[in-house]
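Right, one structure below, let's go through it.
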Number of protein chains: 2
Amino acid sequence: MTSTDHGHTHGEPGAPVRPTRQRRAVAEALASFEDFRSAQEIHARLTERGEKVGLATVYRTLQLLSDGGEIDMLRTEDGEAIYRRCSATHHHHLVCRACGATVEVEGPAVERWTKAIAAEHGYAEIAHTLEVFGTCSSCR
Amino acid sequence: MTSTDHGHTHGEPGAPVRPTRQRRAVAEALASFEDFRSAQEIHARLTERGEKVGLATVYRTLQLLSDGGEIDMLRTEDGEAIYRRCSATHHHHLVCRACGATVEVEGPAVERWTKAIAAEHGYAEIAHTLEVFGTCSSCR
DNA sequence: CTTTTTGCAAATCTTTTGCACTCTA
DNA sequence: TAGAGTGCAAAAGATTTGCAAAAAG
């Protein structure tokens, strides 16, 4: 409930994380997808591949990875959480609302604008979310 | 599931909209708040003020207003929809994660960048969400 | 053996819907 | 009146949680 950070927050001691079959499975499923998927979809894939992993576990694992900054998480326009393995650089997404095709885009201009605006109003420890939705050419 | 528009989509013929007691009430509640509130909070205020309006109606009204572009709607980090009376222009928000203080900011640069990027990748009917979070000066 | 993980089902919570009933124009 | 709008309670969904059993170190 306080996982506000967009940046990575590794290194917290916490409790040891054990590499289990189900965690590996979730990681693999994540790796097998090109773009963002909901916990439900990930669980479905696992199931259809014969991997028996409880839905709750998928949620727990996804949350764990997300909190650790190891995967990207964003929200659909209707509030559903969707996840994806992420690259190292900070970027944003251009998502097709019909087929879900995602394009990663970088926006140095936006980053700069964000920092400037924030500083201008006296805000610190800036984080921002920016997602662009549209209909891709093949869905039109 | 198709209330995708972020921009204003006024003028659709649709059905006539009747000014009722409950709609007025919701509008007033909205006006009484300085920043973003959830449907539940708005309903709570209505109730504590003695206005009898069903929760479902609050949701329906909020959705109506939001679809008509008459109020702003955005999502909390945990996926909850929050609303606020908004100004006419398209803008974004700089929100203090500690106290919730919101500053409306305009970003012509961002708008331009968004359209450009999208067009470049062949995406149409663009919509975007951009929220900036930070800690305001008085909360530091 | 101790601690972390799971599974499952039950519980939450937000938001939506079905429907009979009440209003507005 | 006819069509729009409302209240309630039930239905959906997405997540989360409690707890006893299973796995990891």
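Just so it is clear: chains get the letters A, B, ... in the order the sequence lines come, proteins before strands, and each one is counted from 1.
B:T20 contributes a side-chain N or O that, together with a main-chain N or O of B:R23, makes up a donor-acceptor pair within less than 3.5 Å.
DNA chain C is contacted by A:K52, A:V53, A:G54 of residues 44-54 of chain A, taking any non-hydrogen atom closer than 4.0 Å.
Judged as a side-chain contact (heavy atoms from CB on, under 4.5 Å), and not counting sequence neighbours, the contacts of B:V110 are A:W113, B:T114, B:L130. For A:R60, there are no side-chain hydrogen bond (donor to acceptor under 3.5 Å, both in side chains) partners, not counting sequence neighbours. Among residues two or more places apart in sequence or in another chain, the ring pair (Phe, Tyr, Trp, His ring centres under 6.0 Å) test is passed with B:H93 by B:F36, B:H91. The salt bridge (Lys or Arg N to Asp or Glu O under 4.0 Å) search around B:E111 returns none, not counting sequence neighbours. Remark: A:E125 pairs with B:T135 by the side-chain hydrogen bond (donor to acceptor under 3.5 Å, both in side chains) rule, at least two apart or across chains.
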For nucleotides 12-15 of chain C, which of its nitrogen or oxygen atoms have a protein nitrogen or oxygen under 3.5 Å away, and what is each distance?
unit_1 : atom_1 : unit_2 : atom_2 : d
C:dT15 : OP1    : B:A81  : N      : 2.9
C:dT15 : OP2    : B:Y59  : OH     : 2.7

Would you give a per-nucleotide map of nucleotides 20-25 of chain C, 5' to 3', where B means the base has a protein non-hydrogen atom under 4.0 Å away, S means only the sugar-phosphate does, and - means neither? ----BS
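Listed by first then second residue, pairs satisfying ring pair (Phe, Tyr, Trp, His ring centres under 6.0 Å) with a partner in residues 45-68 of chain A number zero, not counting sequence neighbours. Pairs of residues two or more places apart, or lying in two chains, that qualify as salt bridge (charged side-chain N to carboxylate O under 4.0 Å, His left out) and include a residue from residues 48-58 of chain B are B:R21-B:E51.
Between the two ends of the helix from C:dC1-D:dG25 to C:dA25-D:dT1, each summarised by a five-pair axis, the helix axis turns through 30° (rounded to 10 degrees).
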Could you list the donor-acceptor pairs under 3.5 angstrom formed by side chains in residues 24-32 of chain B, with sequence neighbours left out?
unit_1 : atom_1 : unit_2 : atom_2 : d
B:S32  : OG     : B:A29  : O      : 2.7
B:S32  : OG     : B:R45  : NH1    : 3.0

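Side-chain N/O atoms of A:Q22 include none lying less than 4.0 angstrom from OP1 or OP2 on D:dA23.
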